[in-house]
Amino acid sequence: MALALEIRGLDVVYGGAIQALRGLSLAVNEDGFVALLGANGAGKSTALKAVSGLLPFENGRAVARSMAFFGEEIGGVPAHRLARRGMLHVREGRHVFPAMTVEENLQAATFALTGRTAGSRRRRNFDEIYTYFPQLAERRDRYAGLLSGGEQQMLVIGRALVGEPRLLLVDEASLGLAPMVARKIFDILARINREKRLAILAVEQNVTLALKHASYAYVIENGCIVLEGTATDLADRDLVSSRYLGGAASGGVAH
């Protein structure tokens with residue numbers, strides 16, 4: 001099976017002094033749903049930023065033996081070019097355009113389609129997103145800043161889908177959401193992965209939720225991968241159970 005993403009030996013340094021990742025290696029199959037798990041500050045979000053080209057905006061520098069997107073080396077490729085190739089990053093924090101409507105937020109994301117699709121197809125993309133997220137369809141004319149936290153999370157995922165991604169990077173989708181809403185978000189991500197055969201790499205602190213939906217997972221501590229395996233196997237491992245499934249991580253809301 002082809003790989004959507006393959007990283008080998010990734011190191012990340014911030015400000016020329018703080019090493020955030022050390023020799024990180026991971027892979028995502030072309031139709032895989034992979035979770036990157038770990039505590040706050042372990043390096044999960046940094047890994048996504050290194051992949052999507054956002055590190056230079058935070059005074060970070062990534063060096064890897066290899067970093068390939070569908071077999072093509074992407075080290076040093078800027079973020080906007082990666083987006084247009086089909087790598088879309090849903091960042092932590094629900095970065096909507098608050099003074100724009102839901103529909104306008106989706107329209108703003110069509111820059112990623114330049115040269116890859118026609119205007120009529122963009123409309124079909126919107127209709128598909130409204131099918132996955134019917135709450136957004138009901139609120140398409142509402143300002144994004146007036147949406148609930150869960151609706152904003154749906155919007156940023158939908159906005160990424162407008163770009164017709166080949167790989168979707170999702171950072172802390174459950175953060176700050178009520179358990180029921182977080183489960184709904186992950187149910188929809190799993191449906192998108194299944195129906196569209198879209199590769200997903202999801203960073204999560206909510207280990208219980210992530211392992212329920214992902215097919216494979218990596219555990220990161222202090223910038224290094226310390227464990228990996230199928231989601232079913234990791235759920236049964238003592239290390240994961242003792243460190244991540246016994247406290248707040250099992251409660252449904254990541255803090």
Side-chain angles (χ1 to χ4, degrees), residues 1-92 160 165-173 193 198-205 207 210-211 214-234 237 239-240 243-244:
M1 181 175 291
L3 294 177
L5 179 68
E6 184 177 25
I7 302 172
R8 294 183 181 180
L10 173 62
D11 293 338
V12 169
V13 175
Y14 284 106
I18 302 172
Q19 187 161 9
L21 296 180
R22 300 173 178 83
L24 183 141
S25 298
L26 60 79
V28 182
N29 287 332
E30 61 182 351
D31 61 353
F33 191 160
V34 174
L36 182 58
L37 311 173
N40 187 37
K44 306 185 304 299
S45 295
T46 293
L48 291 195
K49 292 171 186 176
V51 171
S52 67
L54 293 181
L55 275 181
F57 300 104
E58 298 186 358
N59 197 25
R61 181 171 179 267
V63 178
R65 293 199 306 273
S66 174
M67 189 155 54
F69 177 51
F70 285 93
E72 182 180 359
E73 283 292 326
I74 57 171
V77 177
H80 69 280
R81 291 185 180 175
L82 291 173
R84 288 175 178 170
R85 293 181 190 181
M87 181 188 294
L88 278 298
H89 186 168
V90 179
R91 294 184 295 150
E92 178 185 345
R166 302 170 72 197
L167 171 64
L168 187 64
L169 308 175
V170 183
D171 195 352
E172 300 287 9
N193 166 253
L198 171 62
I200 297 176
L201 175 59
V203 155
E204 254 309 316
Q205 289 187 62
V207 174
L211 291 181
S215 55
Y216 200 86
Y218 296 84
V219 178
I220 184 171
E221 287 187 354
N222 299 318
C224 302
I225 299 295
V226 296
L227 202 61
E228 66 175 277
T230 66
T232 301
D233 288 343
L234 285 191
R237 293 290 291 269
L239 175 64
V240 176
R243 297 190 187 183
Y244 299 105

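Throughout, numbering of the chain's residues begins at 1 and tracks the sequence. Both backbone and side-chain heavy atoms feed into the values below; hydrogens, waters and symmetry mates do not. As the structure is a computational prediction, the values presented were derived from the model and not from experiment.
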Distance-minimising heavy-atom pair for [X] and [Y]:
X     : Y      : result
Ala62 : Leu55  : CB-CD1, 3.7 Å
Gly32 : Asn193 : O-ND2, 3.3 Å
Leu88 : Ala160 : CG-O, 3.5 Å
Pro56 : Gly53  : CD-O, 3.4 Å
Ala47 : Leu36  : CB-CD2, 3.9 Å

In a table with atom names and distances, give each donor-acceptor pair under 3.5 Å that connects a side chain of residues 9-24 to protein atoms at least two apart or in another chain.
residue	atom	partner	partner atom	Å
Asp11	OD1	Gly23	N	2.6
Tyr14	OH	Thr46	OG1	3.0
Gln19	NE2	Leu21	O	3.2
Arg22	NH1	Asn222	O	2.9

Taking Asp31 for its side chain and Ala199 for its backbone only, find out whether a donor-acceptor pair lies under 3.5 Å.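 No.
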Is it the case that the side chain of Tyr218 and the backbone of Ala27 share a donor-acceptor pair, with hydrogens and angles ignored and the cut-off at 3.5 Å? yes
In Å and rounded to the nearest 0.5 Å, what is the [atom1] to [atom2] distance from [X] to [Y]?
X      : Y     : atom1 : atom2 : result
Leu168 : Met87 : CG    : CE    : 11.0 Å
Ser52  : Phe69 : OG    : CZ    : 11.5 Å
Asn29  : Leu3  : CG    : CG    : 5.5 Å
Leu26  : Met67 : CG    : CE    : 10.5 Å

Salt bridge (Lys or Arg N to Asp or Glu O under 4.0 Å) pairs touching residues 41-64, sequence neighbours excluded, are Lys44-Glu172, Lys49-Glu58
If you look only at pairs with a residue in residues 63-82, which of them pass as a salt bridge (Lys or Arg N to Asp or Glu O under 4.0 Å), with sequence neighbours excluded? Glu72-Arg85
Contacts of type side chain to side chain donor-acceptor pair (under 3.5 Å), residue Ser215, not counting sequence neighbours: none
Pick out which of Leu5, Leu82, Val28 makes a side chain to side chain contact (heavy atoms under 4.5 Å, CB included) with Val51.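 Result: among Leu5, Leu82, Val28, Leu5 is the only option passing the side chain to side chain contact (heavy atoms under 4.5 Å, CB included) with Val51.
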Mind checking side-chain contact (heavy atoms from CB on, under 4.5 Å) for Asp171 and listing every partner two or more places apart, or none if nothing turns up?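 Result, side-chain contact (heavy atoms from CB on, under 4.5 Å) vs Asp171: Ser45, Leu48, His89, Glu92, Val203.
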Taken in chain and number order and not counting sequence neighbours, the residues that satisfy side-chain contact (heavy atoms from CB on, under 4.5 Å) with Ala210 are Ala35, Leu37, Glu204
Pairs of donor and acceptor atoms involving the side chains of residues 224-231, under 3.5 Å and at least two apart or interchain, shall be tabulated with distances.
residue	atom	partner	partner atom	Å
Glu228	OE1	Tyr216	OH	2.6
Thr230	OG1	Asp233	N	3.1
Thr230	OG1	Asp233	OD2	3.1

